[in-house]
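Contents: one structure, followed by commentary.
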Amino acid sequence: MKRVGILLFVMSLTHAETPKECQLIDDTSETLIQLRQSGLSLDDIDLNPEALTEQEAGLLNAMIADAKGIPVYNIPLTRQKAIEDFKVKWQKLCLHEHDKSKK
């Protein structure tokens with residue numbers, strides 16, 4: 001739950017009119033969970049400190065930790081459901097925070 005707090009903090013810092021950030025989070029979450037469901041280790045993801053802000057690195061680390069908590073499934077339909085559920089979870093969190101920041 002602490003990791004979700006990082007996401008909420010990062011998203012509260014954004015004030016864009018369109019949720020570009022949410023599209024980036026959607027794409028990133030899909031990539032991470034697909035890697036996880038392919039059996040690849042997320043421990044090997046190299047965070048380039050020059051390319052990310054501190055908040056972005058914190059958000060990425062939270063997403064990685066969350067993806068690591070999802071079991072790797074052998075059944076294709078179950079694997080696809082896990083991917084979709086993970087994406088939807090992060091997308092909803094982002095959109096919720098985006099909507100809150102507009103008020």
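Counting begins at 1 with the first residue of the sequence.
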Whether the side chain of S38 engages the backbone of L40 through a donor-acceptor N/O pair (distance < 3.5 Å, no angle test) should be reported.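 No: the side chain of S38 does not pair with the backbone of L40.
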
Roughly how far, to the nearest 0.5 Å, is [atom2] of [Y] from [atom1] of [X]?
X   : Y   : atom1 : atom2 : result
R79 : Q34 : CZ    : CD    : 11.0 Å
F86 : M63 : CZ    : CE    : 5.5 Å
T78 : Q37 : OG1   : CD    : 9.5 Å
C22 : K92 : SG    : NZ    : 13.5 Å
D27 : L32 : CG    : CG    : 11.0 Å
L60 : T53 : CG    : OG1   : 10.5 Å

Quick one: list whatever passes salt bridge (charged side-chain N to carboxylate O under 4.0 Å, His left out) with E84, sequence neighbours left out.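 E84 satisfies salt bridge (charged side-chain N to carboxylate O under 4.0 Å, His left out) with no other residue.
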
Non-hydrogen atoms of [X] and [Y] that approach each other most closely:
X   : Y   : answer
A67 : L42 : CB-CD1, 3.5 Å
I70 : A82 : CG2-CB, 4.2 Å
I25 : C94 : CD1-SG, 3.8 Å

Just do the side chain to side chain contact (heavy atoms under 4.5 Å, CB included) check on E56 and L59 with the steps written out, would you? CA-CA 5 Å; E56 290 167 340; L59 176 59; 5.6 Å; no

Indicate, with yes or no, if L93 and L95 share a hydrophobic cluster defined by side-chain heavy-atom contacts under 4.5 Å among Ile, Leu, Val, Met, Phe, Trp and Tyr.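 No, no single cluster joins them.
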
Using the side chain to side chain donor-acceptor pair (under 3.5 Å) rule, pick out the option among D26, D66, D85 that qualifies with W90.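 With W90 as partner, side chain to side chain donor-acceptor pair (under 3.5 Å) holds for just one option, D66.
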
